[in-house]
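All chains are named by letter (A, B, ...) in the order of the sequence lines, taking the proteins before the strands, and each is independently numbered beginning at 1.
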Amino acid sequence: MQINIDKTAIVIDAVEHFDLKQTLECGQCFRYECLDNNEYIIVAKGYMLHVKQEGDRLSFYNSTMEEVQSIWIPYFDLDRDYGEIKRRLNEKDNLIGEAIEQKSGVRILNQDFFEMLITFIISQNKQIPHIMQIVARISERYGEYIGEWNAKKYYSFPTPEVLGQATEQDFLDMKAGFRAKYLVDACRRIINRELCEEELYQMDYEEALEKIQIINGVGEKVGNCVLLFGIGRREAFPIDVWMARIMERLYFNKPAKKEEMQAFAKEHFGEYGGYAQQYLFYFARDNRVK
DNA sequence: TGCCAGGAAGTCC
DNA sequence: GGACTTCATGGC
């Protein structure tokens, strides 16, 4: 991968299988702001990033060469061969091809575990814009100031220790609703190490999925999202209402149980389940599949 | 106004 | 063990 220093930015030319807008707006990320066409402010990994894509050129405006290499290339999953992933998925069947083609610039972001845990507990029974609002409130109140753009200030996502100081009432004030008690429970169990990130990396997928559900408010769907987006388990296959709709349409042709769909995904997509899921989810949601 | 949202837990039988 | 209900909040 060729990385260059321009007058105003660190630049990567000839990026493939990547579209900044699709990758941010496909439903996996909740901390971005669109400035202009394919130009964004992103908050991740404790940094505020100003980034823009023009064709196959990706420009990082407020970053160093070292940060691009050590933080942003891994974050955007840019050192993975998505051409190979797409070939493998297209070998499985000819039904997923349309979704891959329409959403071909999606990559799975490598986000932080604790942030994904809290974010996806919030996500249950909520629409994406509202999830983003609540995560922004949490960061403003408990995160650290990391920069501003156009007079708007940005804040990092808090650590478990800091967010652990919030009470159920605090989460209610931030409009988390009935999830407030789950959030308190999650912080507590992370702080006292009933669940820790390191052990999840060492467990196999099934074991990790079971373990993460010790947290009150984390079930199979939320657990899979955390493993996929926060622990890098690409075999994870979260099934929400949109995934159920698109799978019933493409693979079952009738109403199906979640358990059946989960088993099908494991057998059919295997280690590529997470990628398949994201192409299908974004396709279904963006096209309002009923 | 009623229905739904990247669901999970509680409660019934 | 499966089906049904409840849980806040906001957008349409």
Side-chain angles (χ1 to χ4, degrees), chain A residues 22-32 99 103 106-109 111-113 115-138 141 166-189 195 209-231 233-250 255-263 265 269 273-290:
Chain A
Q22 287 186 347
T23 296
L24 292 174
E25 299 190 3
C26 70
Q28 63 177 327
C29 182
F30 302 87
R31 304 217 62 198
Y32 63 84
K103 305 303 179 190
V106 169
R107 285 176 183 252
I108 306 283
L109 295 172
Q111 304 185 72
D112 286 336
F113 164 70
E115 180 174 345
M116 290 299 95
L117 177 63
I118 297 300
T119 299
F120 278 99
I121 289 173
I122 293 167
S123 79
Q124 62 181 264
N125 221 47
K126 274 210 165 303
Q127 296 184 105
I128 290 173
H130 196 214
I131 301 166
M132 296 175 81
Q133 283 178 24
I134 297 174
V135 174
R137 281 189 203 113
I138 289 175
R141 280 191 56 174
T167 64
E168 183 176 347
Q169 186 59 50
D170 290 327
F171 286 117
L172 286 172
D173 293 342
M174 293 184 284
K175 306 301 178 188
F178 63 85
R179 307 156 195 81
K181 56 184 178 297
Y182 301 153
L183 296 172
V184 173
D185 183 67
C187 291
R188 184 180 61 78
R189 290 184 198 260
L195 175 69
L209 182 59
E210 192 170 337
K211 174 75 181 184
I212 201 170
Q213 292 179 68
I214 66 169
I215 292 178
N216 204 13
V218 176
E220 193 170 16
K221 190 271 171 183
V222 170
N224 270 303
C225 284
V226 177
L227 292 182
L228 177 57
F229 302 126
I231 298 290
R233 302 309 280 262
R234 301 303 204 240
E235 66 269 58
F237 195 87
I239 300 177
D240 72 316
V241 291
W242 291 105
M243 280 305 293
R245 286 173 191 155
I246 188 78
M247 288 186 76
E248 284 172 0
R249 177 195 247 190
L250 290 184
K257 291 178 185 172
K258 222 169 175 181
E259 196 180 6
E260 288 180 79
M261 293 191 275
Q262 211 78 60
F269 298 121
Y275 305 104
Q277 186 275 163
Q278 203 55 31
Y279 292 125
L280 288 170
F281 169 79
Y282 191 21
F283 179 83
R285 188 169 67 92
D286 209 31
N287 294 289
R288 303 251 168 270
V289 170
K290 293 296 179 192

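When rounded to the nearest whole Å, the span between CD of A/Glu168 and C1' of C/dA8 equals 12 Å. Whole-Å rounding puts the A/Ile134 CD1 to B/dG6 P distance at 12 Å. For A/Phe178 and C/dG10, the CZ to P distance is 13 Å, given to the nearest whole Å. Note: NZ (A/Lys257) to C1' (C/dG2) measures 8 Å, nearest angstrom. For the pair A/Ile239 CD1 and B/dA8 P, the interatomic distance rounds to 11 Å; values are reported in whole Å. Computed from coordinates, the A/Asn125 CG to C/dG11 C1' distance equals 13 Å when rounded to whole Å. B/dG7 atom P lies 10 Å from atom CD of A/Gln127, rounded to whole Å. Atom CG in A/Leu172 sits about 14 Å away from atom P in C/dC7, given to the nearest Å.
Taking a 6.0 Å sphere around CD of A/Glu210, one finds it holds 12 or fewer heavy atoms contributed by other residues, nucleotides or ligands. Enclosure of atom CZ in A/Arg188 by more than 12 non-hydrogen atoms of other residues, nucleotides or ligands within 6.0 angstrom is indicated.
Comparing B/dG7, C/dA8, B/dG6 by their closest approach to the side chain of A/Ile128 singles out B/dG6. Among the nucleotides B/dG7, C/dA8, B/dC4, the one closest to any side-chain atom of A/Arg179 is C/dA8. Counting only heavy atoms from C-beta on, A/Phe281 has its side chain closest to B/dG6 among B/dG6, C/dT9, B/dG7. Here B/dG6 is the nucleotide among B/dA8, B/dG6, C/dT9 with the atom lying nearest to any side-chain atom of A/Phe120. Listed nucleotides: C/dG10, B/dA8, B/dG6. Nearest to the side chain of A/Trp242: B/dG6. For A/Lys175, the side-chain atoms get nearest to C/dG10 when compared with the rest of C/dG10, B/dC4, B/dG6. In the set B/dC4, C/dG10, B/dG6, the nucleotide with an atom closest to the side chain of A/Pro238 is B/dG6. Comparing B/dA5, C/dA8, C/dG11 by their closest approach to the side chain of A/Arg245 singles out B/dA5. Checked against B/dG6, C/dA8, B/dA8, the side chain of A/Cys225 finds its nearest nucleotide in B/dG6.
Both tests hold for A/Lys103 against A/Tyr282: distance to the six-membered ring centre under 6.0 Å, angle to the ring axis within 45°.
Side-chain contact check for A/Leu228 versus A/Arg233: every heavy-atom pair is 4.5 Å or farther apart. Put simply, the side chain of A/Leu195 reaches to within 4.5 Å of the side chain of A/Phe113, judged on heavy atoms. Within the 4.5 Å cutoff, side-chain heavy atoms of A/Gln111 are placed close to those of A/Gln28.
Atom name P, nucleotides B/dG6 and C/dT5: the rounded distance is 23 Å, in whole Å. Taking atom P in both C/dA8 and B/dT11, the straight-line distance is 14 Å, to the nearest Å. If you take atom P in C/dT6 and the same atom in B/dC4, they sit 16 Å apart, rounded to whole Å. Across B/dA9 and C/dG10, the matching P atoms stand 23 Å from one another, rounded to whole Å.
Here A/Asn216 reaches the OP1 or OP2 of B/dA9: one of its side-chain N or O atoms lies under 4.0 Å away. Taking side-chain N and O atoms only, A/Arg137 has no distance below 4.0 Å to OP1 or OP2 of C/dT9.
In this structure, A/Cys26 and A/Gln213 both approach DNA chain B, and ranking their closest nucleotides by distance from the 5' end singles out A/Cys26.
Across all strands shown, A/Gly217 has heavy atoms under 4.0 Å from sugar-phosphate atoms exclusively, and none from any base. Using a 4.0 Å heavy-atom distance criterion, A/Phe229 is classed as a base contact. Across all strands, A/Gln278 comes closer than 4.0 Å to base atoms (heavy-atom distances).
Between A/Phe120 and A/Phe30, the ring planes lie perpendicular to each other; the angle is over 60°, past the 30° to 60° tilted range.
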